[in-house]
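Right, one structure below, let's go through it.
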Amino acid sequence: MDVVVTMLVIAAVAVARSVVAPTDGESVRNVATPLGVWLQGLQQEMPLFAAVVWGVMMLVVGVNAGRYGVKYSLYPAYTLMAIPVFGIVAAGVMVSRDYLLTSAVALCGLLSMKYLHRCVMRGGRFGDLSLSMLWTGMMPLLFAPAAVMAYAVMPVLVLVARPSWRDWAVAVVSLLFPLAAFCYVGWLGGGDFLAPVKAMHEAFMTPSGFEFFASTNPAGILLIGVLIVMTVCSASLVVSDRYSLKVKARAAMRFNALLLIACAGMFFVPSCTATAFVLAALPAAMLLPLMFVRMGVGFTETVYRLALLLAAANTLIMFIS
């Protein structure tokens with residue numbers, strides 16, 4: 001119950017603060033993409049409703065991330081720490097004011113993680129793998145930097161979680177299907193078949209104007225440092241703690257660790273914005289709870305409380321600056 005309340009407080013405070021006192025970095029809009037531009041237009045008509053949707057979506061995604069970790073037995077002990085971890089990463093540093101677009105990206109990411117973990121932990125059905133990749137393939141149509149993860153990194157990571165060429169072929173076809181379907185629909189309407197591909201490439205290469213270090217303060221940078229320490233600790237447990245993790249859980253955790261690194265790479269893409277924090281929050285939420293169940297209570301509680309304190313300080317600084 002405490003972790004859910006923590007997540008609720010993080011979501012409510014982050015949304016309220018971003019509405020009342022947004023920073024320059026948070027106000028940078030995402031570069032228009034084939035589906036993202038429609039959500040951005042809808043938000044202009046209902047800005048407050050869009051903020052409420054983002055707050056609710058953040059709570060839903062965080063709670064479900066914690067639930068999936070338990071449901072699919074990813075950890076050697078019961079823990080719901082994925083819930084507050086998602087909130088800290090997704091909203092503790094900064095929040096993109098493209099609320100509807102960010103909500104859609106978060107939902108796609110959640111469904112992608114759900115089906116992939118179900119595929120790895122429960123039988124390896126092609127249907128689950130295909131659904132996971134379909135939702136992943138939707139992300140670049142919403143958020144241009146996600147093309148790095150969907151089209152370049154994800155096909156490689158699938159071989160980490162499911163080392164089979166048949167699985168790899170299913171994954172690649174499913175990843176490309178949303179884009180191919182969008183091209184086909186546009187072609188039926190009389191347009192160029194490759195127009196969506198060209199639009200996505202242009203969006204990917206267009207600078208958004210987002211500057212990472214110019215958009216953060218010392219508290220936010222320290223928070224990122226604490227999260228990096230937590231990530232290193234969790235990833236080291238995947239490598240060194242051979243006997244506490246099941247074979248399938250270890251594959252899932254390797255996937256989450258590598259995906260988190262790939263998400264960090266999105267911050268170097270010209271079109272990147274604060275929406276990237278949401279995509280990074282999902283693998284972080286699935287990976288970092290491993291630290292809480294395998295390392296000393298004193299250390300983990302100290303690091304967790306420090307992360308919450310820095311998130312609160314960062315929010316206060318952004319509000320008064």
Side-chain angles (χ1 to χ4, degrees), residues 3 61-90 106 109-125 128-129 131-133 135-136 149-150 153-164 167-168 171 226-266 277-297 299-300 303-304 307:
V3 293
V61 173
V63 170
N64 278 283
R67 187 170 67 89
Y68 294 153
V70 175
K71 181 178 180 180
Y72 301 126
S73 303
L74 294 178
Y75 316 113
Y78 180 90
T79 179
L80 293 173
M81 287 304 297
I83 298 174
V85 167
F86 174 82
I88 293 171
V89 179
L110 176 68
L111 293 172
S112 174
M113 298 292 282
K114 170 188 175 180
Y115 289 114
L116 182 72
H117 285 97
R118 191 164 79 178
C119 173
V120 173
M121 302 300 294
R122 293 190 177 179
R125 293 179 297 182
D128 289 333
L129 179 61
L131 285 172
S132 174
M133 296 301 107
W135 285 111
T136 302
M149 180 181 67
V153 176
M154 191 63 76
V156 178
L157 294 188
V158 167
L159 290 176
V160 174
R162 298 289 302 169
S164 165
D167 292 335
W168 183 83
V226 171
L227 293 173
I228 291 174
V229 170
M230 295 170 70
T231 301
V232 171
C233 290
S234 300
S236 65
L237 289 172
V238 177
V239 176
S240 62
D241 202 353
R242 294 179 176 271
Y243 302 105
S244 64
L245 284 176
K246 300 176 183 178
V247 174
K248 292 181 179 180
R250 186 181 301 279
M253 286 302 167
R254 284 200 304 264
F255 175 88
N256 288 321
L258 294 173
L259 182 59
L260 182 55
I261 295 173
C263 289
M266 288 192 298
F277 282 102
V278 174
L279 283 180
L282 282 161
M286 305 308 290
L287 174 67
L288 267 56
L290 186 61
M291 181 189 75
F292 293 94
V293 300
R294 295 305 302 166
M295 300 187 75
V297 175
F299 173 73
T300 55
V303 173
Y304 174 60

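The figures here come from the full heavy-atom set of this structure, side chains too, leaving out hydrogens, waters and symmetry mates.
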Carefully, step by step, assess M266 and L279 under the rule side-chain contact (heavy atoms from CB on, under 4.5 Å).
-> CA-CA 9 Å; M266 288 192 298; L279 283 180; 3.5 Å; yes

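- Of all heavy-atom pairs between L110 and A65, the closest is CD1-N, 4.1 Å.
- Residues F255 and P283 form no side-chain contact, since every pair of their non-hydrogen atoms from C-beta on lies 4.5 Å or further apart.
- Between the CG atom in L288 and the OG1 atom in T300 there is a gap of 11.5 Å [rounded to 0.5 Å].
- The shortest non-hydrogen separation linking A280 to L260 is O-CD1, 3.3 Å.
- Pairing each heavy atom of A82 with each of P289, the nearest pair is N-CG, 3.5 Å.
- Nearest heavy-atom pair across V85 and A284 is CG1-O, 3.8 Å.
- The shortest distance between side-chain heavy atoms of M113 and W135 does not fall below 4.5 Å.
- Of all heavy-atom pairs between L80 and G66, the closest is CD2-O, 3.6 Å.
- S132 places no side-chain N or O within 3.5 Å of a backbone atom of D128 that could act as its donor or acceptor partner.
- Across all their heavy atoms, L129 and D167 have their closest contact at CD2-O, 3.3 Å.
- Atom NZ of K248 and atom CZ of R122 lie 10.5 Å apart (nearest 0.5 Å).
- A heavy-atom distance below 4.5 Å is found between the side chains of F299 and M291.
- Residues M81 and Y304 are in side-chain contact: their nearest non-hydrogen atoms beyond the backbone lie under 4.5 Å apart.
- In this structure, L74 and M286 have side chains that are in contact, with non-hydrogen atoms separated by less than 4.5 Å.
- Rounded to the nearest 0.5 angstrom, F277 CZ and L227 CG are separated by 9.5 Å.
- Separating the CG atom in L290 from the OG atom in S234 is a distance of 5.5 Å, to the nearest 0.5 Å.
- Side-chain atoms of V158 and M133, non-hydrogen and from C-beta on, do get closer than 4.5 Å to each other.
- The OH atom of Y72 sits 10.5 Å away from the CG atom of L116 when rounded to the nearest 0.5 Å.
- By the 4.5 Å heavy-atom criterion applied to side chains, M154 and L259 are counted as neighbours.
- The shortest distance between side-chain heavy atoms of V303 and M295 does not fall below 4.5 Å.
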Apply side-chain contact (heavy atoms from CB on, under 4.5 Å) to M149 and L157, showing your working.
-> CA-CA 10 Å; M149 180 181 67; L157 294 188; over 6 Å; no

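- To the nearest 0.5 Å, atom CG of residue L282 and atom CG of residue L111 are 10.0 Å apart.
- Looking at R250, its side chain does come within 3.5 Å of a backbone N or O of V238 through a donor-acceptor pair.
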